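Report on the structure given below.
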Amino acid sequence: MSIYIPASLTSEQLEAIISALPGSRNKDAILSANRMVLDNSYMIPPFGVTKYENSDSISWEDDQSRSFKRLIHGHTFLGCLTEAYRQTHNVKYLQKGMNLIHDWISKYPYSKSKNTMAYHDETTALRLQYWLKFYTYARKELGGQDRLVIEKQMRFTAALLAEDDFHSTNTNHGMFQDIALLLFSFYFEKEIDVCPQFKELAITRLKKYFLHIFTLEGVHKEHSPSYHFLVANNVRRIAGWLKEISPDLGKSFMDIYQGSESYATHIIRPDGYLPAIGDTEAKLVKTAGYANLYESPEYLYAVKRGTRKAFKEK
């Protein structure tokens, strides 16, 4: 399968962007995608399977919970459809994805829906990332009208994320907004005139946020260990893909990430759990997804509850 490579990127740089974008939330993406295509059923972890009768789309106002609405308005289901297409090259998955995108766009113009979950700050950023990954694989397969529709909506969304009034400054939601804006801007840098400005804006905001939210000792200021791990993990991810596109910029974010390690190591309890401080639940670090957040023997020793096995493995 041949993927379109923008003029501003090498194939390695494009792969770095794709790897930074969110993917399938289900272990079996093809199974999930087939359920969408065949019987309009949606596997949305952790909410199980939801089937929508008498429709080829989603009941977007399904009020199972606020968290569920965030995931469907974030178009997370596209992760499975995109991955199923990547594995099989079957365009039925792209067609289903575009049908859902068309339906959502027709029902949620910004002017009428700006105060709903459809345009929640983090949800909007999430949706742009899922759209962008879908688009990178679908670009050569989409008809002219479909391409125009998704490109126009992505441009509008990026411009919305760039607006100061929409930006959730100095919060992790703002961080997610800027990550989405940065990925979009790198992909379209040579195709959309305003993308260089968007890119600089996103970089400036992210640096300001990380300098604001971490103390000089590298401690997250919200005094909730889980937030420290969440933000540090995102700094690492940003640094990881940026090093392929802009090594100097990637290093500046890597320095921030490395500065956060000491606190992360020492805040872990002797039993390998995060302490229940602030909004943090007492939870094993390795089951919270942070087992390999850092690679030092000291951090691994703390995660593995003080066993020497961590040192031997290094």
Side-chain angles (χ1 to χ4, degrees), residues 1-24 29 75 78-91 93-94 97-98 125-144 146-148 150-155 157-159 161-162 175-207 210 233-258 292 295:
M1 178 177 60
S2 175
I3 298 178
Y4 176 84
I5 302 174
S8 59
L9 301 172
T10 64
S11 59
E12 292 78 14
Q13 290 170 336
L14 176 59
E15 183 56 39
I17 289 174
I18 290 173
S19 67
L21 292 165
S24 172
H75 288 204
L78 287 177
C80 295
L81 292 169
T82 303
E83 179 60 19
Y85 171 74
R86 187 190 71 80
Q87 292 185 34
T88 68
H89 307 168
N90 193 322
V91 295
Y93 301 117
L94 302 183
M98 276 309 308
L126 186 64
R127 185 169 57 251
L128 179 60
Q129 291 186 71
Y130 273 103
W131 279 351
L132 182 58
K133 189 160 191 174
F134 176 84
Y135 179 84
T136 61
Y137 285 102
R139 182 166 178 162
K140 285 188 173 182
E141 296 285 357
L142 294 177
D146 283 340
R147 267 193 61 186
L148 287 174
I150 192 171
E151 287 172 355
K152 179 180 178 181
Q153 202 66 21
M154 284 195 293
R155 290 186 191 194
T157 305
L161 294 177
M175 173 187 70
F176 293 127
Q177 289 177 305
D178 292 322
I179 291 171
L181 184 60
L182 188 58
L183 288 162
F184 173 87
S185 299
F186 271 119
Y187 184 89
F188 286 106
E189 187 168 11
K190 296 294 185 183
E191 299 179 38
I192 300 176
D193 290 344
V194 75
C195 275
Q197 293 96 300
F198 283 171
K199 182 181 75 172
E200 292 306 315
L201 175 64
I203 290 168
T204 299
R205 283 174 172 175
L206 284 167
K207 285 185 175 180
F210 294 138
N233 188 44
N234 276 279
V235 179
R236 181 184 69 161
R237 290 179 64 236
I238 294 168
W241 63 265
L242 270 180
K243 70 181 181 182
E244 291 291 340
I245 301 172
S246 175
D248 290 343
L249 190 56
K251 183 181 183 305
S252 68
F253 284 98
M254 183 59 70
D255 290 342
I256 297 170
Y257 155 71
Q258 291 174 338
N292 299 301
E295 297 179 352

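Only this structure's heavy atoms are used, side chains among them; waters, hydrogens and symmetry mates stay out. Note that the structure is predicted; figures quoted are calculated from it, not measured. Nothing fancy with the numbering, it's 1 onward along the sequence.
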Heavy-atom check, side chain of L81 versus side chain of Y85, under 4.5 Å: no
CZ on R155 to CD1 on I192, rounded to 0.5 Å: 4.0 Å
Residue list, side-chain hydrogen bond (donor to acceptor under 3.5 Å, both in side chains) with Y257, at least two apart or on another chain: none
Which atom of Y187 lies closest to which atom of L14, heavy atoms considered: CE1-CD1, 3.7 Å
Distance, nearest 0.5 Å, that separates CG of L128 from CG of L183: 8.5 Å
Test of ring centre spacing under 6.0 Å for F188 and Y135: yes
L9 CG to T136 OG1 distance, which is reported to the nearest 0.5 Å: 11.0 Å
Value rounded to 0.5 Å, distance of CD1 in I245 from CG in L182: 7.5 Å
Residues which pass salt bridge (Lys or Arg N to Asp or Glu O under 4.0 Å) with R147, listed by chain and number, not counting sequence neighbours: E151
Side-chain heavy-atom pair R86, E83 within 4.5 angstrom cut-off: yes
Atom NZ of K140: over 12 foreign heavy atoms under 6.0 Å: yes
Residue pair Y130 / L78: nearest heavy atoms and the distance that separates them: O-CD1, 4.1 Å
I3 and Y137, any side-chain heavy atoms less than 4.5 Å apart: yes
Identify every side-chain donor-acceptor pair in residues 198-206 under 3.5 Å, counting partners at least two apart or on other chains, and give the distances.
{"residue": "K199", "atom": "NZ", "partner": "E189", "partner atom": "OE2", "Å": "2.8"}
{"residue": "T204", "atom": "OG1", "partner": "E200", "partner atom": "O", "Å": "2.8"}
{"residue": "R205", "atom": "NH1", "partner": "L161", "partner atom": "O", "Å": "2.9"}
{"residue": "R205", "atom": "NH1", "partner": "D178", "partner atom": "OD1", "Å": "3.1"}
{"residue": "R205", "atom": "NH2", "partner": "A162", "partner atom": "O", "Å": "2.8"}
{"residue": "R205", "atom": "NH2", "partner": "D164", "partner atom": "OD1", "Å": "3.4"}

By salt bridge (Lys or Arg N to Asp or Glu O under 4.0 Å) - contacts of E141 (at least two apart): none
Pairs involving residues 236-254, ordered by first then second residue, that meet salt bridge (charged side-chain N to carboxylate O under 4.0 Å, His left out) (sequence neighbours left out): K251-D255
Contacts of type side-chain hydrogen bond (donor to acceptor under 3.5 Å, both in side chains), residue E191, not counting sequence neighbours: R139
Nearest atoms (heavy-atom pairs only) where A84 meets A29: CB-O, 4.3 Å
Atom of K133, atom of I18 and distance for their closest heavy-atom approach: NZ-O, 3.4 Å
Pairwise distance NE2(H89) to CG(L94) - rounded to 0.5 angstrom: 10.5 Å
Atom of Q129, atom of A180 and distance for their closest heavy-atom approach: CG-CB, 3.7 Å
Check: T157 and F184 side chains under 4.5 Å, non-hydrogen atoms: no
Contact summary for N234 and F176, nearest pair of heavy atoms: OD1-CE2, 3.5 Å
Approximate separation, where rounding is to 0.5 Å, of T88 OG1 and Y93 OH: 5.0 Å
